[in-house]
Amino acid sequence: MIDFSEFYQQIAKSRLQHWLHCLPAQLHEWQKGQLHGDLPRWGRALRKLPPTNTNYVKLTDSVSIGRPDEISSGEQKKITNLLDQFHPWRKGPFNVHGIDIDTEWRSDWKWDRLAPHISPLKHRYVLDVGCGSGYHLWRMRGAGAKMAVGIDPSPLFLCQFEAIKHFSNGYQGIQLLPLGIEDLPELNAFDTVFSMGVLYHRRSPIDHLMQLKAQLCDGGELVLETLVIEGDENQVLVPGDRYAKMRNVWFIPSSAALVNWLKKCGFENIRVVDEGKTDLGEQRRTQWMRNESLADFLDSKDSNKTIEGYPAPIRTIIIANKPVDPQNTSLEAHYE
Ligand SMILES: Nc1ncnc2c1ncn2[C@@H]1O[C@H](C[S@+](CC[C@H]([NH3+])C(=O)[O-])CC(=O)[O-])[C@@H](O)[C@H]1O
């Protein structure tokens, strides 16, 4: 249904080549398990997307692929209708041949907050864990990453990614894989690993941090973005049944507590580079995401509280490094 063979060819020549011992079999199993879900329907919509031909792939300030004047108005309508079959579009925005996919989240705002603080991505191998539709993967390539790999178990987000990629005229060095963090072997190969909006969904956040560390090469950089509460290093919120109507929220620490967790996991050079309340303009209902959004998750009389009475979402960005192991010779020395 989804063809990953070109990606396998790309990584066969790279420092990720050791991943090939398990990845193709894993993805084959995954596709077999999707036969009775929505993937076949989304796959049909993907195959109906008309071929277009562009060399316009702009990834620096936005994700804009293809110019408006490269397609007819009839094609524009057809593409818009097909893209709408991948509703709800949560992470973006994307512009495809002038079609503005105004997603629920302004993921570009998050990118703008973190970009000044991270090590330059030029020539780096980067992994984005829980990458959603892959919006940030495109921005990582735009910032010069040699290869941007995203993992996200949701088949819808894979199809959204493939839909955008369809228009990019064979653009390489970027791929979303339908895997969870728990499915990865210890690759110890990425220069930068991003985990954004994932930690609070994990039942075991310390294991999550250790799994992220196991993907980094020595000295590599972790960019961790997650929900936090205000408070000192001893404060952690474990919400009841729901937090902001989400059922799958487990641990919301303070930034100070999270710094301690990272220390405990053996990270170094840990710094909080940004912390702020989520703005109603950053997560909202749009014509491409017609379900409930942040305004519906907050107390209508007090926007400092969620509808359950918990503190409204505050998000932190923390950067840390995996220590260099003096015993370990650099991966770079082995490949390329
Ligand atoms: N086990 C797992 N492993 C990896 N990903 C997972 C797992 N479980 C769920 N996810 C994925 O993690 C993403 C979290 S959203 C952040 C998107 C982007 N990073 C953003 O910063 O905007 C945050 C939110 O919407 O609450 C979803 O796409 C899940 O499918």
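Atoms within each ligand, like the ligands themselves, are counted from 1 in listed order. Only this structure's heavy atoms are used, side chains among them; waters, hydrogens and symmetry mates stay out.
Atoms of ligand 1 found under 4.0 Å from any heavy atom of K110 (numbered from 1 in listed order, with element): 20 (C), 21 (O), 22 (O). Shown in contact with E182 at under 4.0 Å from a heavy atom are these atoms of ligand 1, numbered in order with element: 1 (N), 2 (C). Those atoms of ligand 1 that come under 4.0 Å of a heavy atom in G132, given as number and element, are 28 (O). Those atoms of ligand 1 with a heavy atom of Y200 less than 4.0 angstrom away are 23 (C), 24 (C), 26 (O). Within ligand 1, the atoms closer than 4.0 Å to a non-hydrogen atom of P153 are 4 (C), 5 (N), 6 (C), 7 (C), 8 (N), 10 (N), numbered from 1 in the order shown.
By the criterion of a heavy-atom distance under 4.0 Å, the side chain of V198, and not its backbone, is placed next to ligand 1. For K91, every heavy-atom contact with ligand 1 shorter than 4.0 Å involves the side chain, none the backbone. Counting heavy atoms closer than 4.0 Å to ligand 1, residue F157 contributes side-chain atoms (C-beta onward) but none from N, CA, C or O.
Between the choices G197, P155, G180, S154, the shortest heavy-atom distance to atom 23 (C) of ligand 1 belongs to G197. Comparing heavy-atom distances from atom 27 (C) of ligand 1 across L199, D152, L156 singles out D152 as nearest. With atom 17 (C) of ligand 1 as the reference point, the heavy atom nearest to it among G150, P178, G130 is part of G130.
Among all protein heavy atoms, the one lying closest to atom 3 (N) of ligand 1 is I181 N, 3.0 Å. For atom 16 (C) of ligand 1, the nearest non-hydrogen atom of the protein is M196 O, 3.3 Å. Among all protein heavy atoms, the one lying closest to atom 26 (O) of ligand 1 is H201 NE2, 2.9 Å.
Between D100 atom CG and T80 atom OG1 the span is 10.5 Å, to the nearest 0.5 Å. Put simply, OG on S293 and CG on L280 are 8.5 Å apart, with the number rounded to the nearest 0.5 Å. If you take CG on L227 and CD1 on I252, they are separated by 5.0 Å, rounding to the nearest 0.5 Å. For the atom pair CZ of R113 and OG1 of T316, the computed distance is 10.5 Å after rounding to the nearest 0.5 Å. The CD1 atom of I317 sits 10.0 Å away from atom CZ of F194, with the distance rounded to the nearest 0.5 Å.
Each of F161, W138, Y135, W288 was compared with F94 under the ring pair (Phe, Tyr, Trp, His ring centres under 6.0 Å) criterion, and only Y135 meets it.
One side chain, R271 or N321, offers a donor N or O that lies under 3.5 Å from an acceptor on the other. If you check the side chains of E162 and Q175, you find a donor sitting under 3.5 Å from an acceptor.
Residue R202 places a heavy atom under 4.0 Å from ligand 1.
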Test log, rule salt bridge (charged side-chain N to carboxylate O under 4.0 Å, His left out), inputs R315 and D279: CA-CA 10 Å; R315 308 187 77 97; D279 188 281; over 6 Å; no
Determine, stepwise, if the pair M147 / I11 fulfils side-chain contact (heavy atoms from CB on, under 4.5 Å). CA-CA 9 Å; M147 184 165 296; I11 63 171; 3.7 Å; yes
